[in-house]
Undergrad: 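Please read through the structure below; I'll follow up with questions.
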Amino acid sequence: MAQTAFVSTDSVAVFYPAGYEAAYHEPSPIFVQQPAPARLLPDSWRLRPQFASDGNHSSATITIAEDVDFYGTGEVTGPLRRNGRTISLWNIDTPAYGVDGGTHLYQSHPWVMGLRRDGSAFGIIADNTWRQSISIEDHQVTFNSDGPAFRVVIIERSNPQELMQALANLTGHMSLPPLWSLGYQQCRFSYQPDTRVMEVADLLRQHQIPSDVIWMDIDYMDGYRIFTFNPREFPNPKRLNDYLHSRDFKAVYMIDPGVKAEPGYFVDDQGTAGDYWVKTADGKPFVGNVWPGACHFPDFTRSEVRHWWGTLYKDFMATGIDGVWNDMNEPSVFGGPGGTMPIDNVHGQPSSSTTNGRFNPSSHLRFHNIYGMQMVRASRDGLLLAQPQKRPFILSRSNFLGGQRYAATWTGDNLSSPEQMRLSIPMSLTLGLTGQPFSGPDIGGFCENATGELVAQWTAMGVFFPFVRNHNIKGTVDQEPWAFTPEVLDACRTAINRRYRLMPYVYTAFREASLNGMPVMRPLFMADARDLSLRSEDKAFLLGGDLMITPTWASDVASPQDNSWQPFTLEQHPDSYQASMRQRPGSVIPVANLAQSTTTLRTDSLTLLVCTDGQGQATGMLYEDDGDGFSYQSGNYRVLSLTATLQKRLLTVAVRQTEGSMEPLPRTLRIGFVRGGRVQYSAWQQGNEARMKVAIKR
């Protein structure tokens, strides 16, 4: 097929096939702004798609002449390196990743990242929401679609870091999350009644397990009716939430898309009166079974439906709820074709308008993959409407490319097995390389019974993921850290203590992600894009740019820069479950004292871990703000530069505020000099500078 092409204002190439019809694809949910032409495509542009269409199916094939390592493709099983893989993009409810061998999961991301031998990088976006697949074979990337001809966007950059920045500029930056959402979180399907929730909160504090959030699964509802509470088991949600808040916990509650089809139920009555439901092919409201039984489904492709959905959160959040969990939003339909709606269901009003956030009417085949994305878009607006002074936190099971603008994600209903524990690393790394910085698995596994050994191992590595939550299904053994042996409890506590002590560093990494799209959890090749030995490493990973994590079960792990990254530990005698940590030469990592929640976490007393480079230099950064709210957008924050110099065995570290109008904080500092597998600590010192004589010669 013939094509037209241009280069946009941000030096990104956009290719249109012959016969392209905007009504079938635009407005694109992927981009924060529609690509606009700035100049003609130069003859030197290397990657160009070849389009094909037979009327019912369409494709785009990009041939890459040189040897390239491929990454991205969204939420997938399998290894980090995606060469030789075919991925189906059709969101599905797949417990334990068991449907179709895990070839498609809960999310779809039509994005492929390529990394050349010289470290330069490119990215390919198929701007297409219809059911499709990505095939990466030999020297070709092919997008095959069940919909009409679609455009392709190709980004060229000199390294993967610049590529992630370009992807974020196109698809949107993740907003800075509330600090509490980065803490350890405890969940079960389900904690019930409310007294059990209180008991879990008390046990977390009793066992001195730092934690911030307890989650409420669907059993808190009245007959699984969303935006209601079980009058017998959760009769006073405000009292429960106040109890949690008094013990420094936040409360997150689940809201599914399926609305029980029941006259007299206020949500169903409002949706029916407004004609807000997804329709069948013959124009009737679609009814499908989910947890409440027969359900209607809001048509989130319509701006007026999203607005209505957002208004439902005001009274709900007023009970003291802090965050929302949108689940089952692929959408999952029990007994439906392929576990979802019929593909000929209809979305959208009978209007040709595409303004004000509306999509042209079309079939579920087009809108299925973005159903969850549009749901969390509406939910986010609702939380901002209900609590305008708080940063919204939403967790979603289903999403699409660009969905980081609205929600964090977890990798769905995984299995309590060593294999899926190991698999969770490349899964979250791949989501990060697809522009989704805030993700993680259910620690311990969701389906079937976990062992204490598995929970200890998974917690020891899981505390270094962006999202940290222990969660399991009803009918299985208890999976909380204290549910096994004292050794497992101690191992989990030690690991979670590490998360909280590293929280200043973790929060700084999230702030970086919100600014430039860099993943919080990164593959090792981000340390050196030209080191080919790092390209396939997916057992070890980076947290931020300066910390390398290797689980105890991992062997034959590649390491950047000839093993020059220095090992260290935060404990005198770590147990055998704890992951090994290595620090990048030339870096300073800020570490807090132990706290039981982010509410009590303080940064006026910091240990600065210093790992000098060959010239005796090291630098780092610390970001601080109120931890919630939006005053940071008006300058109420601090960015601190951390600078270390080692001269004649005298190590000096200086802390200097370089950005932000937040008042300086009086500090007590301690240096931790990392070298040779050990940490040598200085005495605590007042002020913004600390010194120590080191016992290890350079």
Undergrad: With distance as the sole test, does D322 use its side chain to make a donor-acceptor pair with the main-chain N or O of A251 at under 3.5 Å?
TA: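 Yes: the side chain of D322 pairs with the backbone of A251.
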Undergrad: Could you state the interatomic distance from CG (N472) to CG (D413), rounded to the nearest 0.5 Å?
TA: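 Result: 11.5 Å between the selected atoms.
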Undergrad: Can you establish whether the number of heavy atoms outside Q34 located under 6.0 Å from its atom CD is more than 12?
TA: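 Correct, the count exceeds 12.
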Undergrad: Look up atom CG in N128 and atom OG in S59, then write down how far apart they are to the nearest 0.5 Å.
TA: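 Those atoms lie 11.0 Å apart.
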Undergrad: If you define the side chain from C-beta out and look only at heavy atoms, does anything of F367 sit under 4.5 Å from F300?
TA: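 In short, these two side chains do not touch, never coming nearer than 4.5 Å.
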Undergrad: So, Q420 side chain and L415 main chain: donor-acceptor pair closer than 3.5 Å or not?
TA: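 Looks like yes, one N/O pair under 3.5 Å.
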Undergrad: If you measure only the distance, is there a donor-acceptor pair under 3.5 Å linking the side chains of N399 and T409?
TA: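 No - no donor-acceptor pair under 3.5 Å links their side chains.
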Undergrad: Does a donor on one side chain and an acceptor on the other come within less than 3.5 Å for T171 and Q404?
TA: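 Yes, Q404 and T171 have a side-chain donor paired with an acceptor closer than 3.5 Å.
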Undergrad: Looking just at side-chain N and O atoms, do Y224 and D219 make a donor-acceptor pair shorter than 3.5 Å?
TA: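 Yes, D219 and Y224 have a side-chain donor paired with an acceptor closer than 3.5 Å.
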Undergrad: Please check if the number of heavy atoms outside E262 that lie under 6.0 Å from its CD is greater than 12.
TA: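 Yes, because the 6.0 Å sphere around CD of E262 holds more than 12 heavy atoms from other groups.
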Undergrad: Does the distance from a Lys or Arg side-chain N to an Asp or Glu carboxylate O, for R397 and E75, drop under 4.0 Å?
TA: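 Result for this pair is no, no salt bridge flagged.
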Undergrad: So, S175 and R380: side-chain donor and acceptor under 3.5 Å apart, yes or no?
TA: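 Yes, a side-chain donor-acceptor pair sits under 3.5 Å.
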Undergrad: Side chains of N241 and Y253: donor-acceptor distance under 3.5 Å anywhere?
TA: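 Distance-only check passes for N241 and Y253.
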Undergrad: If the plane angle is over 60° it's perpendicular, under 30° parallel, otherwise tilted; pick one for F393 and F438.
TA: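 Aromatic pair F393/F438 classed tilted.
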Undergrad: Locate the shortest heavy-atom distance separating A407 from S396; write the atom from each residue and the value.
TA: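 Between these two residues, the closest heavy atoms are CB-CB, 4.0 Å.
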Undergrad: So, does S53 use its side chain to make a donor-acceptor pair with the main chain of H57 at under 3.5 Å?
TA: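 Flag set: sc S53 to bb H57 pair under 3.5 Å.
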Undergrad: Quick one: does S190's side chain have a donor or acceptor within less than 3.5 Å of a partner on Q192's backbone?
TA: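 It does not hold such a pair.
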Undergrad: Under 3.5 Å, is there a donor-acceptor pair between the side chain of W325 and the main chain of M216?
TA: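 Judged by distance alone, no pair lies under 3.5 Å.
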Undergrad: Between atom CG of D222 and atom CZ of R225, what is the distance when rounded to the nearest 0.5 Å?
TA: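 It comes to 5.0 Å.
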Undergrad: Say you draw a straight line from OG1 of T77 to NE2 of H104; how long is it, rounded to the nearest 0.5 Å?
TA: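 Between atom OG1 of T77 and atom NE2 of H104 there are 10.5 Å.
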Undergrad: Give me the ring orientation class for W309 and F227: parallel if the planes are under 30° apart, tilted from 30 to 60°, perpendicular past 60°.
TA: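 Answer is perpendicular, since the angle exceeds 60°.
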Undergrad: Check whether N369 reaches the backbone of F400 with its side chain - one donor and one acceptor, N or O, closer than 3.5 Å.
TA: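 Not confirmed, N369 side chain does not pair with F400 backbone.
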Undergrad: Is a donor on one side and an acceptor on the other found under 3.5 Å between the side chain of H471 and the backbone of D442?
TA: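 Checking the backbone N and O of D442 against the side chain of H471, no donor-acceptor pair under 3.5 Å is found.
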Undergrad: Restricting to non-hydrogen atoms, name the atom on I30 and the atom on A126 that form the minimum distance, rounded to 0.1 Å.
TA: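 It is CD1-O, 4.0 Å.
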Undergrad: Starting at OG1 of T476, measure out to CZ of F446 and round the result to the nearest 0.5 Å.
TA: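 If I round to the nearest 0.5 Å, the distance is 8.0 Å.
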Undergrad: Given K260 and D256, is the salt bridge (Lys or Arg N to Asp or Glu O under 4.0 Å) satisfied, shown in steps?
TA: CA-CA 11 Å; K260 185 175 179 62; D256 291 342; over 6 Å; no
Undergrad: How close do T280 and N345 get, counting heavy atoms only, and between which atoms?
TA: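 For T280 versus N345, the nearest heavy atoms are CA-OD1, 3.5 Å.
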Undergrad: Are the ring centres of W215 and Y191 closer than 6.0 Å?
TA: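 W215 vs Y191: aromatic centres not under 6.0 Å.
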Undergrad: Using the six-membered ring wherever Trp is involved, compare the ring planes of H296 and W277 and label them parallel, tilted or perpendicular (cut-offs 30° and 60°).
TA: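 Plane angle under 30°, so parallel.
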Undergrad: I'd like to know if the side chain of R188 reaches the main chain of I473, judged simply by a donor and an acceptor atom lying under 3.5 Å from each other, with no hydrogens or angles considered.
TA: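 Such a contact is found between R188 side chain and I473 backbone.
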Undergrad: Could you give the distance from CZ (R82) to CZ (F70), rounded to the nearest 0.5 Å?
TA: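 So the CZ of R82 and the CZ of F70 are separated by 12.5 Å.
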Undergrad: Would you say CH2 of W90 has more than 12 non-hydrogen atoms from neighbouring residues, nucleotides or ligands within 6.0 angstrom?
TA: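 Enclosed.
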Undergrad: Indicate the atoms forming the closest heavy-atom contact of D93 with Y106, along with that distance.
TA: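 Looks like CA-CE2, 3.7 Å.
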Undergrad: Should the pair Y220 and F229 be assigned to parallel (<30°), tilted (30 to 60°) or perpendicular (>60°) ring geometry?
TA: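 Aromatic pair Y220/F229 classed tilted.
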Undergrad: Do N360 and S362 meet the criterion of a side-chain donor-acceptor pair at a distance under 3.5 Å?
TA: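 No, no side-chain donor-acceptor pair sits under 3.5 Å.
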Undergrad: With a 4.5 Å cut-off on side-chain heavy atoms, are T73 and I136 touching?
TA: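 A side-chain contact exists here, since the closest heavy-atom pair is under 4.5 Å.
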Undergrad: Looking only at heavy atoms, what is the nearest atom pair of P466 and S439, with distance?
TA: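 Closest pair (atom of P466, atom of S439, distance): CD-O, 3.3 Å.
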Undergrad: With no hydrogens and no angle check, is any side-chain donor or acceptor of T103 less than 3.5 Å from a backbone partner on S88?
TA: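 Checked: no pair found.
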Undergrad: If you draw a 6.0 Å radius around OH in Y24, do more than 12 non-hydrogen atoms from other residues or ligands fall strictly inside?
TA: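 Incorrect, the count does not exceed 12.
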Undergrad: If you take all heavy atoms of G258 and F297, which pair is closest and at what distance?
TA: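 Distance-wise, the nearest heavy atoms are CA-CE2, 4.0 Å.
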Undergrad: For atom NZ of K474, is the number of surrounding heavy atoms from other residues, nucleotides or ligands below 6.0 Å larger than 12?
TA: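 Correct, the count exceeds 12.
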Undergrad: Is a donor on one side and an acceptor on the other found under 3.5 Å between the side chain of Q479 and the backbone of G445?
TA: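 Answer holds: yes.
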